[in-house]
Amino acid sequence: MLPSPSSPQHDRRRHQRKGGDLGDRGYFTVGGLPAQLSDWSFGDLGVALGQPAQFGVDDVVELRIYNPAQECWDTLSGQIRRVEADGTLGIIPRLIG
């Protein structure tokens, strides 16, 4: 019997995924929209917008993360690699600089 696509034998990701839930929607934005980190790995981020996505695959977006220790916003650029109907995006982050 062949493994299902969701089984570990068929998972093509190079990095193990971790759950997101790293804070309130007020601390993370994608393209200026409030967002919540749903999962992450060293390769990409899963981001829930909570509304249908207005972005497309290969779009480049600004990611802003509030850093409460420094009381400032950190900014990254990211390329969208996956768009789901529920507003979840798969994004590969890129450092700005």
Side-chain angles (χ1 to χ4, degrees):
M1 179 159 93
L2 292 173
S4 71
S6 62
S7 70
Q9 293 92 348
H10 259 98
D11 193 348
R12 297 182 313 207
R13 292 184 180 113
R14 293 183 357 192
H15 306 289
Q16 183 179 2
R17 304 206 58 81
K18 304 288 184 189
D21 199 24
L22 296 179
D24 297 329
R25 285 189 178 273
Y27 292 100
F28 189 72
T29 67
V30 174
L33 298 174
Q36 188 168 13
L37 192 62
S38 60
D39 59 69
W40 64 276
S41 74
F42 287 111
D44 70 346
L45 306 171
V47 177
L49 294 178
Q51 60 189 13
Q54 61 182 7
F55 305 107
V57 172
D58 292 331
D59 285 352
V60 176
V61 293
E62 179 184 79
L63 308 171
R64 298 189 74 214
I65 303 166
Y66 186 71
N67 181 341
Q70 300 292 323
E71 296 184 355
C72 68
W73 288 88
D74 293 322
T75 304
L76 298 169
S77 174
Q79 183 178 14
I80 297 177
R81 302 305 298 163
R82 181 182 80 246
V83 178
E84 297 180 18
D86 66 357
T88 302
L89 305 173
I91 301 174
I92 299 173
R94 305 278 187 234
L95 294 175
I96 294 177

Partners of Asp86 by side chain to side chain donor-acceptor pair (under 3.5 Å), sequence neighbours excluded? Thr88

Considering only residues two or more places apart or on different chains, which pairs with a residue in residues 66-76 satisfy salt bridge (charged side-chain N to carboxylate O under 4.0 Å, His left out)? none

Per the side chain to side chain contact (heavy atoms under 4.5 Å, CB included) rule, which among Leu89, Leu63, Asp39 passes with Leu45? Leu63

For Ser38 and Val47, work out which heavy atoms get closest and say how close. OG-N, 3.7 Å

With sequence neighbours left out, the residues meeting side chain to side chain donor-acceptor pair (under 3.5 Å) with Gln54 are none

For Arg81, which residues count as a salt bridge (charged side-chain N to carboxylate O under 4.0 Å, His left out) partner, sequence neighbours excluded? Asp58

Set of residues satisfying side chain to side chain contact (heavy atoms under 4.5 Å, CB included) with respect to Ile65, sequence neighbours excluded: Phe28, Leu76

Taken to the nearest 0.5 Å, the spacing of Ile91 CD1 from Leu37 CG works out to 9.5 Å

Would you name the heavy atoms of Leu49 and Phe55 that are closest together and state the gap between them? CD1-CE1, 3.9 Å

Joint cluster assignment, Val60 & Val57, ILVMFWY side-chain distance < 4.5 Å: no

Distance check, rounded to the nearest 0.5 Å: Arg82 atom CZ versus Ile92 atom CD1? 10.5 Å

